[in-house]
Amino acid sequence: MKADFSKTYNPGEVESRWYGWWESQGYFRADANSTKPAFAIVMPPPNVTGSLHIGHMLNNTVQDAIIRRKRMQGFNTLWLPGMDHAGIATQWVVERELRKEGKTRQELGREEFVKRVWKWKEEYGGNILRQIRRIGSSCDWSRERFTLDEGLSRAVREVFVRLYEENLIYRSKRLINWCPRCMSAISDLEVKYKSSDSKLYHVRYPVKDKPDEFIEVATTRPETMLGDTAVAVNPEDVRYRGRIGQQIILPLVGREIPLIEDSAVDLKFGTGAVKVTPAHDLADFEIGQRHHLAQISVIGEDATITAEGGVYRGLDRFAARKKIVEDLEAQGFLVKVETLKNNIGECERCSTSVEPLLSTQWFVKIQSLADPAIDAVETGRTEFVPSNWSKTYFEWMRNIRDWCISRQLWWGHRIPAWYCSCGEIIVARVDPVQCSKCGSSELRQDQDVLDTWFSSGLWPFSTLGWPDQTADLKAFYPGSVLVTAYDIIFFWVARMMMLGLKFMNDVPFRAVYITGMIRDAEKQKMSKSKGNVVDPLEICDKFGTDAVRFAFARMGAPGTDIAVSDSLLDSYRFFATKIWNAGRFISQHVAASDRLPSIEELRNTNLALVDRWILARLARATQEVRASMEQYNLHEATRTIYRFFWDEFCSWYLEMTKLHPEQSKATLLYVFESALRLLHPFMPFITEELWQGIPHTGESIVIAPYPELESHADDEKAELHAEMVQDLITKVRNIRAEMNVDAKQTVKLRIASTDAGLAALIDEAKNYIHRLASVESIELVAALSGDRLSAQAVAAGCSIEIPLAGVIDPAAERSRLAKAREKLIQEVAGIQNQLSNPDFVSRAPSEVVDEKKRRQVELQDQIEKLSAGIDRFD
RNA sequence: GGGCGGUUAGCUCAACUGGUAGAGCAUUCGGUUUACACCCGAAAGGUCAUAGGUUCGAAACCUGUACCGCCCACCA
């Protein structure tokens, strides 16, 4: 260990020291041919456009803590990293760059544009991966993948072709969500609904041949009336009895449309009559299908009115709305305008209002894929952590709709379908050169690419070499756990489940660990527009990566959001400093000849009470950490480690061993080294740094064994005795503080006991009491003096007394004792109440009853002893 | 309209399978004890949102209510 380290831990230098070495040593590399049990995690691939954001940091912290522990436990661990090509998002970024140069992708042409995106990817794509290294994530970089690389593209193609061959992929003209800015179809999930203040226009539609009759409809989108092909009412609605079948003249257009009935219409809303526009509204589309209505597309892909819109042709949809409302009003069709709160669908990425359009697209027929995926979670083959997220998953899966997978983009996996002028569609694993039906070589490949999530849905097996039957696939599928935030359960988790079960006949992972979201100190969601985004690398620089990781693990119970604040991060920065200083202290006692003892060696030496105690506490902490980690409760594991390290190891043990550093050195080294190993999955850098500086075996803490429970470390007697000593010290300190005894002033301690065992214990522990409570002498007496110039307390089951002539205020002492007694009296009253209840005694488990009785006796004894102290003043 | 989660000390959060609540920060008091003032010691602070129910016993289980948050949904 370096001799010149600072009193305050300086994480920057230490954190830059180790990662390169770990990686070059190959510690993170998995071995497909290992005989050790496998433990595999695939990293949710970040977008190639991205830089590390705070959510990645949380996600990576959890994964890394899990995988590092498993690695230390001797598993053959694989943490597979990679990136997602992120179709729309990446294309958008590169297009924006082009625009700055005054160009468009259309000017460049498809081939040149895609080249340009690849160039962009090579230049910036690795950025986030470097950042992931920076935060210590122990991934196997030799297996890094990209969703558009050759192997994964082959998997995508194979899956597409197989699904097509099984009729699970089809091409169809249907109503889809269209983003007029992205100029592409988007899936249902990519539409975000935003509550908005809209206007509800009431419009009178005249009835044919009945100049006095009208049907009044209400709409928020009057421009779509150009495409109306019916008006619908609820069959139960008495207002329209006898009018069904009437022909209605569509204002401004003059088209005759029928009045129909359909139970989807809500008779309580508006006038109970709905204009039906099958080509621009999903509900209307469905009504249209039921009634075989014509579908008239009046809004085009660019969101302007089509030729079907007559005089409104070419107007943007919102301009058209304005004009149509004006015209309706001018012609006397507009009845009134109300305000209304409704939800407007927007493109998730660019916030443009989504336009439902009739369009020919590719779809995945989803039901037969969803059923096994539902079953897998129902039967527990894949488990959500925490389990309640499975409800969210079921909710979506049970109401799933076919998945629109084609996107009108250039960046992505091109759809492997070719069209022949004879009408034949060829979907093939190998690019066809001629039509299988007519022999023509004039084939044209589909222009569209696949939804990004189609390829990331294959991630758990495509990254392992599928469709080849590779050794990796055999060793590492299914994965052990997937770590992700709840916002992509539908987008990604559900699709991996469906596709994994379909193509691998097994779930892609045994568990899905759902993390919460990181929020700002006010618990607000972070967003660029709010300006409250915290850059993870900035806080790592400021507080230390280890501290940030520990904070995230400590605060991030599964599924729980974390509010990050400076004060939160500070407390774990202080913890890192604490660890550092403990290491600094210990290093001062380490000689070059020291080596790390085994637990057997320790047990065979004559250990001091405190040594046996700390070993017992270490064993307990180890056991608790194990139990917590097995259930992915990182927040419990970190709490245990924090408490053990700070309160027990530093505050009690280190202070006590200062009396006999040489005698305790072996235990001290053993426990500190073990504590570093317990901590390592959470704080990889500082633990390696300190571990390398003390006696250890092996070359890196990364591959040192994780502490496991050693049964022979159980030592209840040592725990009990140490607690008695600590109780004595604490009570003396308490009296000193309450009575304002000068810190430099030592005191005399008298303990009322004739017990030989206690006498032996006190003899063994007297130096600790002297040192830690500033006691100059300890005397065991048969009875306390009972004078009024001393303070009393009950500790370790005995009355104790500290003579404080000249310092003590008898009134204060009396009230102090009375207060202490009152607390005990209240507790004992509660217990007596229970014990006097015959139902409790007969029905509660006997251990509980016995424990209550034992506690009652103990409390009564303490109360009596305190009472004796109080009686002195009466 | 459905679903999920939350409501515990001033603040941020714990409390494993029911046995009258813990930590960090903040607060008060005392400390230049040679690892650490990013520290040490001591203390104060909670009718666990609310009303019922189950139980010998409820922060925990059940039901209702209030408030907050999130997700889903074809309210024109």
Side-chain angles (χ1 to χ4, degrees), chain A residues 5 7-9 175 193 200 217-221 224 232 264-266 268-271 273-277 281-287 340-343 356 386 388-389 391-392 394-396 399 486-487 489-490 517 521 523 525 554-555 557 559-568 570-589 624 627-628 631 633 635-636 639 642-643 647 650-651 654-655 658 729-730 733-738 740-744 771-774 826-827 830-831 834 837-845 847-849 851-852:
Chain A
F5 40 5
K7 286 165 79 168
T8 301
Y9 176 53
L175 198 70
Y193 289 91
L200 183 67
V217 299
T219 179
T220 51
R221 298 199 58 198
T224 63
V265 178
D266 179 358
K268 288 189 212 80
F269 189 91
T271 60
V274 188
K275 58 188 270 317
V276 181
T277 321
D281 183 282
L282 188 55
D284 292 4
F285 178 79
E286 287 172 359
I287 293 175
L340 174 80
K341 268 211 187 317
N342 71 343
N343 290 327
N388 56 286
W389 285 104
K391 287 188 182 169
T392 303
F394 288 139
E395 183 72 14
W396 190 71
N399 297 300
Y486 50 72
D487 58 342
I489 290 177
F490 307 141
M517 302 277 209
K523 295 164 91 172
K525 229 174 180 169
R554 178 74 191 80
M555 298 312 287
T560 308
D561 290 351
I562 303 172
V564 283
S565 61
D566 281 9
S567 79
L568 173 81
D570 264 334
S571 54
Y572 298 104
R573 179 167 66 87
F574 299 160
F575 183 46
T577 300
K578 186 74 181 178
I579 297 164
W580 180 255
N581 277 301
R584 212 157 74 94
F585 171 71
I586 288 162
S587 72
Q588 290 170 0
H589 296 282
E624 282 174 30
S628 301
Q631 296 170 68
N633 283 331
H635 68 299
E636 287 178 3
R639 182 181 58 214
Y642 184 100
R643 185 192 47 72
D647 299 344
C650 290
S651 294
L654 285 187
E655 291 307 317
K658 284 176 181 172
I729 291 168
T730 302
R733 283 170 170 173
N734 180 319
I735 288 172
R736 297 178 57 103
E738 294 279 329
N740 294 315
V741 178
D742 188 282
K744 295 212 177 71
R771 181 186 168 91
L772 298 182
S774 296
Q826 275 183 11
E827 192 184 339
I831 291 173
Q834 281 184 298
N837 181 344
D839 287 331
F840 172 72
V841 179
S842 61
R843 297 200 194 197
E847 314 107 69
V848 174
V849 177
E851 169 58 22
K852 294 282 177 192

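Letters A, B, ... are given to chains in the order of the sequence lines, protein chains preceding strands, and every chain is numbered from 1.
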Between [options], which one does the side chain of [X] approach most closely?
X: S571(A); options: C4(B), A35(B), G24(B); value: G24(B)
X: Y193(A); options: A76(B), C74(B), A35(B); value: C74(B)
X: L654(A); options: A35(B), G19(B), C16(B); value: A35(B)
X: K852(A); options: G19(B), G24(B), C74(B); value: G19(B)
X: E738(A); options: C13(B), A42(B), A76(B); value: A42(B)
X: A563(A); options: A35(B), C13(B), A76(B); value: C13(B)
X: N734(A); options: A76(B), A43(B), U12(B); value: A43(B)
X: K525(A); options: C71(B), C38(B), A35(B); value: C71(B)
X: R733(A); options: C13(B), A42(B), A35(B); value: A42(B)
X: F840(A); options: C13(B), G19(B), G41(B); value: G19(B)

On a heavy-atom basis, which atom in [X] and which in [Y] lie closest, and how many Å separate them?
X: A743(A); Y: R736(A); answer: O-NH2, 3.4 Å
X: T224(A); Y: K275(A); answer: OG1-NZ, 2.6 Å
X: F840(A); Y: K852(A); answer: CZ-CG, 4.1 Å

- Message: Could you tell me if Y193(A) and N342(A) have a donor-acceptor pair between their side chains, going purely by distance under 3.5 Å?
- Response: no
- Query: Under 3.5 Å, is there a donor-acceptor pair linking the side chains of T577(A) and K7(A)?
  - Reply: no
Give none if [N] has no partner; otherwise give the nucleotide forming a Watson-Crick or G-U wobble pair with it, both distances under 3.5 Å.
N: G19(B); value: C56(B)
N: C70(B); value: G3(B)
N: U33(B); value: none
N: C48(B); value: none
N: G10(B); value: C25(B)
N: C75(B); value: none

How is [X] classified with respect to the nucleic acid when contacts are heavy atoms under 4.0 Å: base, sugar-phosphate, or nothing?
X: Y9(A); answer: nothing
X: T560(A); answer: sugar-phosphate
X: D570(A); answer: nothing
X: L200(A); answer: nothing
X: P845(A); answer: base
X: T577(A); answer: base
X: D266(A); answer: base

Could you check how far [atom1] of [X] sits from [atom2] of [N], rounded to whole Å?
X: K578(A); N: A35(B); atom1: NZ; atom2: C1'; value: 8 Å
X: Y486(A); N: C71(B); atom1: OH; atom2: C1'; value: 9 Å
X: K7(A); N: A37(B); atom1: NZ; atom2: C1'; value: 9 Å
X: E827(A); N: A21(B); atom1: CD; atom2: P; value: 8 Å
X: H635(A); N: G22(B); atom1: NE2; atom2: P; value: 17 Å
X: D284(A); N: A76(B); atom1: CG; atom2: P; value: 11 Å
X: E655(A); N: C36(B); atom1: CD; atom2: C1'; value: 10 Å
X: D487(A); N: C72(B); atom1: CG; atom2: P; value: 10 Å

- For the residue pair W396(A) and F490(A), does the interplanar ring angle fall in the parallel (under 30°), tilted (30 to 60°) or perpendicular (over 60°) class? parallel
Taking only side-chain N and O atoms of [X], does any of them lie within less than 4.0 angstrom of OP1 or OP2 on [N]?
X: N581(A); N: C38(B); answer: no
X: N342(A); N: A76(B); answer: yes
X: K391(A); N: C72(B); answer: no
X: K658(A); N: C36(B); answer: no
X: S651(A); N: G41(B); answer: yes

- Query: Do the side chain of T8(A) and the base of C38(B) come within less than 3.5 angstrom through a donor-acceptor pair of N or O atoms?
  - Reply: yes
- Message: Tell me if the side-chain of S567(A) makes a donor-acceptor pair with the base of C25(B), cut-off 3.5 Å, by modelled atom types.
- Response: no
If you measure from the [atom1] atom in [N] to the same atom in [M], how many Å do you get, rounded?
N: G2(B); M: U8(B); atom1: P; value: 27 Å
N: G18(B); M: G57(B); atom1: P; value: 16 Å
N: U27(B); M: A66(B); atom1: C1'; value: 32 Å
N: A15(B); M: A60(B); atom1: C1'; value: 9 Å
N: G45(B); M: A23(B); atom1: C1'; value: 14 Å
N: A26(B); M: A43(B); atom1: C1'; value: 15 Å
N: C74(B); M: C67(B); atom1: P; value: 27 Å
N: C11(B); M: C71(B); atom1: C1'; value: 28 Å

Could you tell me if the side chain of [Y] sits less than 4.5 Å from the side chain of [X], heavy atoms only?
X: D647(A); Y: Y642(A); result: no
X: R643(A); Y: E624(A); result: yes
X: E655(A); Y: L772(A); result: yes

- A283(A) or D561(A): which one's nearest nucleotide on RNA chain B is closer to the 5' end? D561(A)
- Item | Residue met sooner reading RNA chain B from 5', once T730(A) and D647(A) are mapped to nucleotides | D647(A)
- Task: Encode nucleotides 26-31 of chain B as B, S and - characters from 5' to 3', where the letter depends on protein heavy atoms closer than 4.0 Å: B to the base, S only to sugar-phosphate, - to neither.
- Result: ------
- Single hit among F585(A), F575(A), Y9(A) for side-chain contact (heavy atoms from CB on, under 4.5 Å) with W580(A): Y9(A)
- Going through the distances and angles, do Y572(A) and K578(A) end up as a side-chain contact (heavy atoms from CB on, under 4.5 Å)? CA-CA 9 Å; Y572(A) 298 104; K578(A) 186 74 181 178; over 6 Å; no
- Does D281(A) reach the main-chain N or O of T277(A) with its side chain, forming a donor-acceptor pair under 3.5 Å? no
